[in-house]
Structure formats: C-alpha cells, structure tokens
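Structure record follows, encoded as structure tokens.
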Number of protein chains: 2
Amino acid sequence: MTKQRREVYGLLLEDASHPTANDVFRKVQDRMPQISLATVYNCLEALVTHGLVNQVNFDREPSRYCANLQEHVHFHDEASGRIHDIEFKDGADIMDFLNLPEGAEITEMELTIRGKLPSRD
Amino acid sequence: MTKQRREVYGLLLEDASHPTANDVFRKVQDRMPQISLATVYNCLEALVTHGLVNQVNFDREPSRYCANLQEHVHFHDEASGRIHDIEFKDGADIMDFLNLPEGAEITEMELTIRGKLPSRD
DNA sequence: AATCTTAATTAGAATAATTCAAAAATCACC
DNA sequence: GGTGATTTTTGAATTATTCTAATTAAGATT
C-alpha cells in the first residue's frame with residue numbers, strides 16, 4: 001500500500017458514484033497534484049487484483065470502479081445517468097433461473113440493468 | 001438492406017460463435033473481397049439499431065455480435081474461451097431476485113457469466 | 001546515516017477498437 | 001435513364017488503456 005494507492009482507495013470508499021479512472025484521477029489530483037493518470041490506472045489495477053475494488057464495465061463505456069465488495073447488480077438509471085447498486089434478495093440463487101448444463105461451475109457473474117428509477121420528489 | 005448488410009447478417013445467422021467485428025470482417029471478405037472494416041462496423045451498427053442483431057460486450061474485450069434474438073445469458077467458458085447462450089428457465093423473472101426500489105422499470109438487462117462447462121468426452 | 005534493492009511512479013509514446021470525414025459508388029424512385 | 005439520398009470506401013482521428021524507460025521512493029542492511 002503506497003500513498004497513491006491509499007489515496008485512490010480512500011476516494012473509492014467515500015465515493016459510491018462508480019467513477020471512471022479519469023474521474024478518480026481528477027479528484028485525487030486535488031490532494032496529490034503530481035499524480036499521473038498512469039499511476040491511477042496502476043493503483044486501480046492493483047486494488048482490483050487484490051480484491052479490494054471491483055471493476056465495472058458497461059457496454060463500451062470507460063471502466064468504472066467501486067469499493068462495494070458485497071455481491072450486487074448495477075442499475076443504470078437512464079434519467080440521471082447514475083449507477084445504483086442493487087442487492088439480491090435473501091436466498092436468491094441465480095442458478096435457479098437458468099438452464100445451465102449439468103455440472104457447469106460459475107466463477108463470476110455480472111448483471112447490469114438499464115432502466116428508469118422512480119423520480120423521488 | 002444492402003448487399004453488404006445482407007452478407008453480414010447472413011453470416012451472423014449461420015455463425016453462433018459470437019464473432020467480433022474483425023472476425024466478421026475476415027469471414028465476409030471471402031465472399032466480398034473489397035469490403036472494408038468500416039463497412040462491417042456500419043452494417044453491424046445498422047443491424048443492431050434495427051433490432052436484428054445484438055451487440056454483446058464482455059469486460060473490455062472487443063464487442064461481439066449475435067443474431068440470436070431470444071432473451072438469453074452469455075456464459076464464457078474459461079476452458080475453451082467460447083461463449084455459450086444460456087436460456088432462462090420457464091417463468092423465471094429476474095425481478096423476483098432483486099431488491100429493486102418500488103416502481104423501477106427495466107428497459108434492458110445483460111447478464112454475463114464466467115465459469116467452466118463440464119468437458120464432454 | 002549511507003547504501004543497496006526492489007517496487008512504484010511518472011511522462012510520454014504506443015496500441016487497439018472504434019468512429020469520423022470526404023469522396024466515390026450505389027440505390028430507390030420519379 | 002436521371003436525380004437525390006444513402007452507403008461504401010479509404011484513410012485519418014479519437015479515446016481508453018497499456019507499455020516503456022527513466023526516475024523516484026521505500027524499506028532493509030550494513
């Protein structure tokens with residue numbers, strides 16, 4: 001854990017907006033003006049490979065990063081453009097939904113939903 | 001529907017391997033040597049926007065295209081590198097699995113699974 | 001404290017998928 | 001068959017990300 005990694009990680013812990021590498025770069029620059037974009041990419045990669053952070057890909061958009069390690073689904077609100085974390089219901093198992101061939105093993109799964117959230121007035 | 005679009009579409013109907021734009025380009029070239037990669041991209045885009053073809057994104061890999069319009073899930077077999085289409089069980093509704101806020105509307109969803117399929121000997 | 005070793009950061013160039021722009025070709029319709 | 005609109009082509013541009021080489025920093029060792 002270097003200064004830079006701690007800074008990037010700290011930012012992700014506070015900021016649940018699923019920022020891109022560039023977003024992270026701009027925000028971290030406030031506190032470490034000399035940091036480079038490549039370092040931000042390196043830090044994010046290190047955090048991801050060490051399992052502290054998840055990399056989230058949506059369509060062909062730039063990757064986003066989030067420090068919410070609990071298993072969850074991403075909901076892209078079309079109105080606001082924001083991404084929300086949605087949890088599974090208790091006891092829900094995706095295997096129950098799918099016609100998976102006998103003996104298939106799931107390593108990892110990613111579910112992304114696009115839609116509209118009710119506007120809260 | 002132009003010659004090129006028909007060719008690209010025909011290929012996708014026959015080829016369920018979820019080819020990338022480049023794969024499509026190389027294969028279509030056999031029958032239309034003068035076609036350009038940009039045209040393949042244009043054709044794919046046209047087919048996608050007209051709803052004949054789905055664009056599938058997995059992590060940061062190149063987009064893949066498939067003409068299977070039935071709602072399905074993509075299973076990335078880590079052993080073979082191949083992508084398989086998996087269908088939902090009858091009557092399965094993803095809404096039943098998720099703690100979605102009241103009133104949320106789903107426009108579109110994409111589920112991708114990484115894992116191992118049993119090797120068939 | 002000085003030095004050695006290793007790993008991380010930096011800056012900038014390189015890469016790869018995709019998109020864009022302009023000119024040429026093709027198509028649909030009169 | 002001509003005309004206007006749309007596509008294709010070619011090649012250049014863009015953008016996110018990765019790579020490279022050089023520098024710097026961080027510990028460990030004397």
Side-chain angles (χ1 to χ4, degrees), chain A residues 1-12 15 17-67 74 76 81 83 110 112, chain B residues 1-12 15 17-67 74 76 81 83 110 112:
Chain A
M1 258 297 183
T2 64
K3 272 203 305 278
Q4 289 82 342
R5 287 179 189 178
R6 209 183 316 277
E7 201 66 56
V8 167
Y9 184 50
L11 191 140
L12 285 175
D15 178 352
S17 75
H18 303 80
T20 65
N22 228 321
D23 294 339
V24 173
F25 175 52
R26 289 206 314 275
K27 287 182 186 156
V28 170
Q29 269 187 317
D30 291 348
R31 318 192 60 201
M32 300 182 87
Q34 80 294 354
I35 200 170
S36 74
L37 179 56
T39 299
V40 171
Y41 272 105
N42 288 340
C43 292
L44 290 169
E45 192 197 357
L47 293 167
V48 168
T49 56
H50 288 81
L52 293 172
V53 163
N54 285 326
Q55 178 171 1
V56 181
N57 295 297
F58 198 63
D59 291 347
R60 301 249 90 223
E61 295 171 17
S63 289
R64 296 164 176 278
Y65 298 86
C66 87
H74 290 110
H76 244 226
I83 295 172
E110 206 184 344
T112 327
Chain B
M1 258 297 182
T2 64
K3 271 202 307 275
Q4 289 84 340
R5 288 178 188 179
R6 210 182 316 277
E7 201 66 56
V8 167
Y9 184 50
L11 192 141
L12 285 176
D15 178 354
S17 75
H18 303 80
T20 64
N22 226 321
D23 295 338
V24 172
F25 175 51
R26 289 205 315 273
K27 287 182 186 156
V28 169
Q29 268 188 317
D30 292 348
R31 317 192 61 202
M32 300 181 88
Q34 81 295 354
I35 200 170
S36 75
L37 178 55
T39 300
V40 171
Y41 272 104
N42 287 342
C43 292
L44 290 169
E45 192 198 358
L47 293 167
V48 168
T49 55
H50 288 82
L52 293 171
V53 162
N54 286 327
Q55 179 172 2
V56 181
N57 295 298
F58 198 64
D59 293 345
R60 301 248 89 226
E61 294 171 17
S63 289
R64 296 166 175 279
Y65 297 86
C66 87
H74 290 111
H76 244 224
I83 296 172
E110 205 185 343
T112 326

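Quick caveat, the model's predicted, so the values are computed rather than measured. Each chain gets a letter, A, B and so on, in the order its sequence line appears, and its residues count up from 1. Side chains included, hydrogens not; waters and symmetry mates left out as well; all remaining heavy atoms used.
Looking at the side chain of B:Y41, the nearest of the listed nucleotides C:dT9, C:dA17, D:dT10 is C:dA17. Side-chain proximity of A:N42 to the nucleotides D:dT8, C:dT18, C:dT9 is greatest for C:dT9. Considering only side-chain atoms of A:A38, the nucleotide from C:dT18, D:dC19, D:dT17 that sits closest is D:dC19.
One finds a side-chain N or O of A:K3 lying less than 4.0 angstrom from the OP1 or OP2 phosphate oxygen of D:dA26. At D:dT17, one or more side-chain N or O atoms of A:S63 fall inside 4.0 Å of OP1 or OP2 (strictly under the cut-off). One finds a side-chain N or O of B:Q4 lying less than 4.0 angstrom from the OP1 or OP2 phosphate oxygen of D:dT9. Of the side-chain N and O atoms in B:S36, none sit less than 4.0 angstrom from OP1 or OP2 of D:dT10.
Across the protein-nucleic acid pair, B:N22 atom CG and C:dA16 atom C1' stand 10 Å apart, rounded to whole Å. The CE atom of B:M1 sits 18 Å away from the P atom of D:dT6 (whole-angstrom rounding). Between the P atom of C:dA17 and the CG atom of B:N57 lies a distance of 13 Å, rounded to the nearest Å. Protein atom CZ of B:F25 is 13 Å distant from nucleotide atom C1' of D:dG11, rounded to whole Å. Per the geometry, CZ belonging to A:R6 stands 17 Å off P belonging to D:dA25, to the nearest Å. A straight line from CZ of B:R5 to P of C:dA28 spans 11 Å, rounded to a whole angstrom. Straight-line distance from the CZ atom of A:R64 to the C1' atom of D:dA16: 13 Å, rounded to whole Å. C:dA11 atom P lies 10 Å from atom CD1 of A:I35, rounded to whole Å.
By the 4.0 Å N-to-carboxylate-O rule, B:K27 lies too far from B:D30 to be salt-bridged with it.
Interatomic distance, CD of A:E7 versus CZ of A:R31, reported as 4.5 Å (0.5 Å rounding).
With hydrogens and angles left out, the side-chain atoms of B:T39 and B:N42 include no donor and acceptor closer than 3.5 Å. With 3.5 Å as the limit, one finds no donor-acceptor pair spanning the side chains of B:T20 and B:N22.
Along DNA chain D, the nucleotide nearest to B:L37 and the one nearest to B:R60 differ in position, and the one closer to the 5' end is contacted by B:L37. Nucleotides of DNA chain C nearest to B:E45 and A:T2 differ in position, and the one nearer the 5' end is that of A:T2.
Residues A:Q55 and A:N57 meet the side-chain proximity criterion, which asks for heavy atoms closer than 4.5 Å.
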